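The block underneath contains the structure these notes are about, expressed in structure tokens.
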Amino acid sequence: MLAIALALMVILFKVGSFLRASSHSARPAKSEAGVAYRNDRIASEPWSIHVVQVDRSRPDLGFYSAHARNQILGVSLLADQARAIPAQVGQAIAGVNGDFYIRDHPTYTGDPRGIQIIQGELISGPSTVCVWFDAAGNPHLDEVKGRFEVTWPDGRRTPFGLNEERTGGSAVLYTPSYGSSTRSPREGREIVLERDGDNPWLPLRAGQSYQARVKQVREGGDSKIAPGTLVLSLGTRLAPLAEAVPVGTVIRLSTATTPDLSGAHAAIAGGPAIIKDGVPFKLTQQPAGTSGNYSEASKYQRHPRSAIGWSPTHVYLVTVDGRQPGLSVGMKLAELAQYMVKLGCTDAMNLDGGKSAQMWMKGQIMNDPCQGEDTVANSIFVIRKPTAP
């Protein structure tokens with residue numbers, strides 16, 4: 001009976017693969033001024049690749065980094081993130097899913113693994129490679145390191161994380177973009193901060209220095225994050241530092257990064273870089289010792305993928321379907337790099353893949369996600385800027 005059941009499962013899987021392949025013919029090409037979509041089918045693998053090509057010379061086009069519900073915690077559909085883009089910023093034309101994010105901890109679901117900047121606001125700190133667009137709209141790709149630190153009145157300095165889970169020995173700064181409260185553990189202390197005079201304040205930006213006045217010092221965690229305030233949460237090892245900053249004390253906060261992201265209006269993390277300065281990711285075999293590390297081993301396996309890259313004339317958003325033998329088997333990172341080289345890309349970065357790999361355009365998902373349309377934490381969209389009155 002077991003053998004019969006297994007045989008039936010194999011037959012059903014093959015039938016399902018055939019139906020997927022026969023019912024998903026290549027998507028028709030779509031385009032509008034400066035933005036073109038196509039579905040590239042390569043039968044020999046097979047691969048189904050979805051490409052959005054954006055003309056870099058058009059001043060009416062820009063890029064927007066979005067997050068579910070415009071805050072760190074939470075996930076949502078790409079369509080919902082597109083609709084949430086403020087009308088005064090522009091209208092979403094096309095986009096792909098973004099960074100890897102926390103999935104396995106319900107309290108912190110949606111927290112991106114790396115940096116994110118939305119319309120100039122720094123909502124998540126750097127930890128890996130990222131793509132950012134400067135004030136002139138030009139794309140950049142590099143590993144970004146944060147030099148975030150608080151300077152206490154006596155001159156001591158303490159590094160801090162931004163809008164993330166706080167552990168016992170760390171300091172984390174929380175902004176209103178994180179959520180309604182810090183969700184930090186009871187152990188430790190939290191310092192509620194407000195604006196000091198007319199000095200620069202929220203929204204928080206990369207590469208800036210801030211003066212903050214202590215409004216309240218609280219024992220424990222999970223402090224409320226009121227609009228216009230920050231909360232500096234100190235783990236048990238750092239909690240004694242709060243004793244030196246009574247209410248009214250002014251402390252300094254730095255959001256410096258290397259390289260300097262001052263003026264960046266959009267940033268999204270991912271990784272690894274699959275093309276850097278014209279040099280593609282070339283490893284084709286899984287190195288020894290990575291079989292137990294899924295994130296490392298997956299680089300050398302075929303999976304659904306999303307990526308962003310650019311040539312001197314265009315920016316490309318790419319999604320490769322995968323885990324569907326009758327339609328598309330997915331790509332290794334080296335294969336994705338080579339494909340984007342063929343597009344003309346001189347720089348490109350891998351984004352979150354697997355079931356998250358999705359491309360949206362003008363109201364619909366364009367690719368065939370391996371588990372159907374699904375929620376993600378963040379995304380990157382090409383937008384049409386509003387016309388001047």
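Keep in mind the model is a prediction, meaning the values are calculated, not measured.
Atoms CH2 and CG, on Trp360 and Leu317 in that order, are 12.0 Å from each other to the nearest 0.5 Å. One distance of note links CD of Gln91 with CD1 of Ile383; it measures 10.0 Å at 0.5 Å rounding. Note that CG of Leu162 and CD of Glu164 are 7.0 Å apart. Values are rounded to the nearest 0.5 Å. Atoms CZ and CD1, from Arg305 and Ile49 in turn, are 13.0 Å apart once rounded to the nearest 0.5 Å. Distance CG/Leu78 to CZ/Arg83: 10.5 Å, rounded to 0.5 Å. Taken to the nearest 0.5 Å, the CD atom of Gln53 stands 7.5 Å off from the OG atom of Ser311.
Annotation: Arg103, atom CZ; neighbour count of heavy atoms from other residues, nucleotides and ligands within 6.0 Å is above 12. With a 6.0 Å radius and a threshold of 12 heavy atoms from other residues, nucleotides or ligands, Glu149 has its CD atom above the threshold. Remark: Lys215 NZ is loosely packed, at most 12 non-hydrogen atoms of other residues, nucleotides or ligands lying under 6.0 Å away.
Here the closest heavy-atom approach between residue Ser379 and residue Gln81 is recorded as OG-OE1, 2.6 Å. Residues Phe100 and Gly353 come closest through the heavy atom pair CE2-N, 4.3 Å. The two residues Arg56 and Pro139 have their closest heavy-atom pair at NH2-CD, 3.3 Å. Between Tyr101 and Ala377, the shortest heavy-atom contact is CG-CB, 3.4 Å. The two residues Ile117 and Ala206 come nearest to each other via the heavy atoms CD1-CB, 4.3 Å. The minimum heavy-atom distance between Ile268 and Ser65, with the atom names listed, is CD1-OG, 3.9 Å.
Between the side chains of Glu190 and Ser233, at least one donor-acceptor pair of N or O atoms lies under 3.5 Å. Using modelled atom types and a 3.5 Å distance limit, the side chains of Arg218 and Ser223 yield a donor-acceptor pair. If you check the side chains of Ser48 and Asn367, you find no donor sitting under 3.5 Å from an acceptor. Between the side chains of Thr258 and Arg147, at least one donor N or O sits under 3.5 Å from an acceptor N or O. Side-chain contact, Ser181 with Asp222: a donor N or O sits under 3.5 Å from an acceptor N or O. Side-chain contact, Asn97 with Ser306: a donor N or O sits under 3.5 Å from an acceptor N or O.
Remark: Glu187 pairs with no residue by the salt bridge (charged side-chain N to carboxylate O under 4.0 Å, His left out) rule, at least two apart or across chains. The salt bridge (charged side-chain N to carboxylate O under 4.0 Å, His left out) check on Arg189 picks up Glu219, Glu243, with sequence neighbours excluded. With sequence neighbours left out, Arg58 forms a salt bridge (charged side-chain N to carboxylate O under 4.0 Å, His left out) with Asp60.
The shortest distance between side-chain heavy atoms of Thr175 and Asn163 falls below 4.5 Å. Inter-residue side-chain proximity for Trp132 and Pro126 is flagged as unmet; no heavy-atom pair is nearer than 4.5 Å. Contact check for Arg302 versus Glu335: side-chain heavy atoms found under the 4.5 Å cut-off. Considering only heavy atoms from C-beta on, Glu165 stays 4.5 Å or farther from Asp111 through its side chain. Counting only heavy atoms from C-beta outward, the side chains of Val129 and Met349 approach each other to under 4.5 Å. When side chains are defined from C-beta on, Tyr174 does not count as touching Arg183, because their heavy atoms never get closer than 4.5 Å. Side-chain contact between His67 and Ile118: present, with at least one pair of heavy atoms (C-beta onward) separated by less than 4.5 Å. Looking only at side-chain heavy atoms (C-beta outward), Leu122 and Ile115 come within less than 4.5 Å of each other.
Here Asp40 does not pair with Lys342 in a salt bridge; the nearest charged N to carboxylate O distance is not below 4.0 Å.
Test Thr375, Val376, Ile365, Asp374 against Leu77 for side chain to side chain contact (heavy atoms under 4.5 Å, CB included) and you get one pass: Thr375. Here the rule is side-chain hydrogen bond (donor to acceptor under 3.5 Å, both in side chains) with Tyr37, and of Glu32, His50, Lys362 only His50 fits it. Considering Asn199, Leu173, Leu230, Thr255 in turn, Thr255 is the only one that fulfils the side chain to side chain contact (heavy atoms under 4.5 Å, CB included) rule with Tyr210. Here the rule is side chain to side chain contact (heavy atoms under 4.5 Å, CB included) with Gln211, and of Leu193, Val250, Thr151, Leu253 only Val250 fits it. Tested against Val214 for a side chain to side chain contact (heavy atoms under 4.5 Å, CB included), the candidates Ile191, Leu232, Asp196 yield a single pass: Ile191.
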Under the side-chain contact (heavy atoms from CB on, under 4.5 Å) criterion, do Val320 and Tyr339 qualify, and how do the steps go? CA-CA 10 Å; Val320 183; Tyr339 181 82; over 6 Å; no
Test Gln358 against Thr319 for side-chain contact (heavy atoms from CB on, under 4.5 Å), laying out the working first. CA-CA 6 Å; Gln358 296 169 89; Thr319 294; 5.8 Å; no
Please lay out, stage by stage, how Phe381 and Tyr64 fare under the test ring pair (Phe, Tyr, Trp, His ring centres under 6.0 Å). CA-CA 5 Å; Phe381 287 96; Tyr64 185 93; 7.5 Å; no
Could you go through the side-chain contact (heavy atoms from CB on, under 4.5 Å) check for Arg41 and Leu327 one step at a time? CA-CA 9 Å; Arg41 293 293 183 91; Leu327 173 68; 3.7 Å; yes
Using side-chain hydrogen bond (donor to acceptor under 3.5 Å, both in side chains), reason through Asp352 and Ser356 one step at a time and then give a plain yes or no. CA-CA 6 Å; Asp352 191 9; Ser356 293; 3.2 Å; yes
For the pair Met361 and Val35, evaluate side-chain contact (heavy atoms from CB on, under 4.5 Å) and give the outcome as yes or no after the intermediate values. CA-CA 10 Å; Met361 186 172 186; Val35 182; 4.3 Å; yes
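No single ILVMFWY cluster, assembled from side-chain heavy atoms under 4.5 Å apart, contains both Met359 and Ile42. Both Val341 and Val51 sit in one connected hydrophobic cluster of ILVMFWY residues. Membership requires side-chain heavy atoms under 4.5 Å apart, directly or through other members. Val245 and Leu238 fall within a single hydrophobic cluster, where Ile, Leu, Val, Met, Phe, Trp and Tyr side chains are chained together by heavy-atom contacts under 4.5 Å.
Between the side chain of Arg69 and the backbone N or O of Ser76, no donor-acceptor pair lies under 3.5 Å. Panel note: side chain Ser124, backbone Gly114; a donor-acceptor pair is recorded below 3.5 Å. For the pair Asp347 (side chain) and Asp277 (backbone), a donor-acceptor distance under 3.5 Å is present.
Using cut-offs of 30° and 60° on the angle between ring planes, the pair Phe63 and Phe133 is parallel. Below 30°, between 30° and 60°, or above 60°: for Tyr316 and His314 the angle between ring planes is between 30° and 60°, a tilted geometry.
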